[in-house]
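Notes to accompany the following structure.
Within every chain, numbering begins at 1; the chains are lettered A, B, ... in the order of the sequence lines, protein sequences first and strands thereafter.
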Amino acid sequence: MKRLITHARIIDPATDTDVVGSLAIANDRIVAITPEPYAPIGFTADHIHDARGLVVAPALIDTYARLTGPVFERPERLNAELAGAAASGIAHLVVAPDTTPPLDEPGLVETLLTRAERYGQVDLWPLGALTVGLTGKQLAEMARLSAAGCIAFSQGDTPLRDSLALLRAMQYAASFDYAVWLTVSDPDLTPLGGIHDGIVAARLGLPPIPVAAETIAVARAIELAAEAGVRLHLLNLSSARAITHLARAKSEGLPVTASVAILNLTMTEHDIGEFDPNVHTQPPLRSVQDREALAQAVVDGVIDVVVSNHKTVGRDAKAYPFSESAPGVAGVETLLPLLLRWGEMQGLTLPQTLAPVTVRAADLIGRRDLGRIAPGAIADLILFDPNCTWKFDEGTVVGPGRNTPCWGQTLTGRVVELWRNGTPRPLSLSSPVL
Amino acid sequence: MTRLQLTPDGRLKHLLTLEGLPETLLHRIFELADSFLEVSTRSVKKVPLLRGKSVFNLFFENSTRTRTTFEIAAARLSADVINLNIATSSTAKGESLLDTVDNLAAMMADMFVIRHAAAGAPVRIAQHLAERGQTHISVLNAGDGRHAHPTQGLLDMYTIRHYKREFTHLSVAIVGDVLHSRVARSEISALSALGVPDIRVAGPKTLLPKELSALGVTVTHDLDEALDGVDVIMMLRLQNERMHGSFISSVAEYHECWGLTPERLKRAKPNAIVMHPGPMNRGVEIASSVADGPQSVILPQVTFGIAVRMAVFALLADVAPGAAA
């Protein structure tokens, strides 16, 4: 099957390309890009898709999301999460190991992957549990989990307090050249229900989480990783000072990468407003200065990728005062509009804006044929209208997550089509609450 | 934080925090309290302003003293008062906070007086009532976690006004555990709103929020510096659970460094007043001779507390005599 997308504004973040033209696709691969509205010489399309007024870009790669709820007991719950991701143009989703039960057995990983494959919209890239049950006591069977499809190993949101156990887990992972992905928050400095130790905590009297909670954990992870010789990925950085540690490790040539959650790029502690439990997230939203430093670090490439840090939390678990509510913000469905908002805030071009969720994310998961628009790359694409405004509410939500400060807000930028392996896929318009 | 607690025409709908309340409204409360103070001196200490209204005291955290003052204030306005000690009730059986609220709303409550260990709980309840269309019910925050204790803040301001008349030339020192104190947060909000030009806060770093100075106060760790020439000293209670552990070294050292003794009091103006929200730890944050001394206004604070709470009830029920604020 040969397809030609014409009159599209083509964005390739890998080559900083922003041109109006045509994209030729044969089977599942991109064949050519031409700045003309017609096919390259010798290419006869079976289908022509007019994408006038739309942006064509690589489909998004979200490298950190949590699958909460009964994703194993009820396949429709998993499908709903995947439909939500697809609605925002996410074709590849890295999922944390802290599912219920956690991803510490090959069978669970296989089940998840089989079901996602059957659903067909979104490819899952699971992180295996670093330790059995994420309890930090017994190493998980990393080789077997890797064979089942895990791309790296993680503790999810569960900290590993014992430094010796973490060192050994890293050494074991390094034996197979597996990467270790860690969230970074010192548990002793991270009170339950806390927020950034700043002016809002002083005003509202919520438990303070100092920046040192993050920097101590970052420094510890980097030093142990250097000791173990393991590739380290730091998840969801939130503070300016953490970036200093990261930049130093990178300048020393250590194999360290990092992500930031889109919420931490677009919001600050002040967005907690009147104790909004939908802004109760981990890591906490920090100061204006922290947000600016994170944004600059993404632009500079010190922070490699931007993630949704998605976590669906049901109404019941949020029906409490802020610090007693369950932390977590639903993020997949608002990833693209919030990214576009961030790009505009920073004055970035579209290729610059999309790079941390396309080419740089593909590099992080080791796939040079994804996240790019280039001859030979897999034709996983999004077609989106960057100027379309829409309200995120019951009328537009697709997945199960409503726990976001964007709920009820008007957003700009909407995906019209998601292409997987050279074929446009229908997007779910809505689904029941699960 | 005033979006929820004021009606579009500026009347008090809920009292959740003093942060952002307009100065005119604070003065309106003080003037009403003046008139209710007189009621408390009569032989029949009752006016019929809240007759037929049901006030539910929902105390998710134990407190006898504060609950009693609300109970007396509501009774003097002829309201029906229902006390629920929820710490030992439904929530202990697993019922969620908002389910409890829905049930009590269905019992035709007019007002909820809420104390809760979590900051923001009364805000959450007020939001929930709005979502449910229960707009006739008012929420009065009787202390939520470390966030706010607005009626305590108001009665403290009323006390200062009683003794000092004007706010705009005062120097005020707040001393002790600000980190865990909802009282201190409400006091700072109110002092700022009333135009107090010099608010000083003193205590060890372990008991002060990091960004406290952003609230417009001067932070010091030296008590003498904080007390130098002030008009008002507001001491904070050091809770028992903070006395052991890593917040302070020892009660004795705390008293030496941050306790208000007669010698230290001499640093303040000769006519300075000494306040404490109670209950006091004598010999810890305050020496007995100061607590019982001529500059102490701790017991008048309690008396004023009833009148101030009556004023707040009357405003919330929109039955206050005279023009609206």
Item checked: Contacting moiety of A:Pro210, where chain B heavy atoms sit under 4.5 Å -> neither

Checklist line | Minimum heavy-atom distance between B:Ala119 and A:Pro321, given as atom pair plus value | finding: O-CB, 4.0 Å

Check: Any chance CZ of A:Arg241 has more than 12 other-residue heavy atoms, nucleotides or ligands included, within less than 6.0 Å?
Finding: no

Notebook entry, point to check: Is it the backbone or the side chain of A:Ala319 that comes under 4.5 Å from a heavy atom of chain B, or both, or neither?
Noted result: both

Notebook entry, point to check: How many angstroms lie between atom CG of B:Asp144 and atom OG of A:Ser323, to the nearest 0.5 angstrom?
Noted result: 9.5 Å

Item checked: Atom pair NE2/CZ of B:His147 and A:Phe275 - distance to nearest 0.5 Å -> 3.5 Å

Check: When rounded to the nearest 0.5 angstrom, what is the spacing between CD in B:Glu19 and CZ in A:Arg203?
Finding: 4.0 Å

Note to self: Does B:Asn103 have more than 12 heavy atoms from other residues, nucleotides or ligands lying within 6.0 Å of its CG?
What the structure shows: yes

Margin query: Quick check against the 3.5 Å criterion: does B:Arg185 have a side-chain atom that pairs as donor or acceptor with the backbone of A:Ala202?
Written below: yes

Next item on the list: Determine whether B:Glu211 and A:Glu269 make a side-chain contact, defined as any pair of heavy atoms from C-beta on separated by less than 4.5 Å.
Entry: no

Margin query: Less than 4.5 Å to any heavy atom of chain A: does that hold for the side chain of B:His180, its backbone, both, or neither?
Written below: neither

Note to self: As an exercise, state the distance from CD of A:Glu274 to CG of B:Leu16, rounded to the nearest 0.5 Å.
What the structure shows: 8.0 Å

Note to self: Just verifying a value: how many Å separate A:Lys318 NZ and B:Arg124 CZ, rounded to the nearest 0.5 Å?
What the structure shows: 10.0 Å

Check: For A:Leu192, does the CG atom sit with more than 12 other heavy atoms under 6.0 Å from it, leaving out its own atoms?
Finding: no

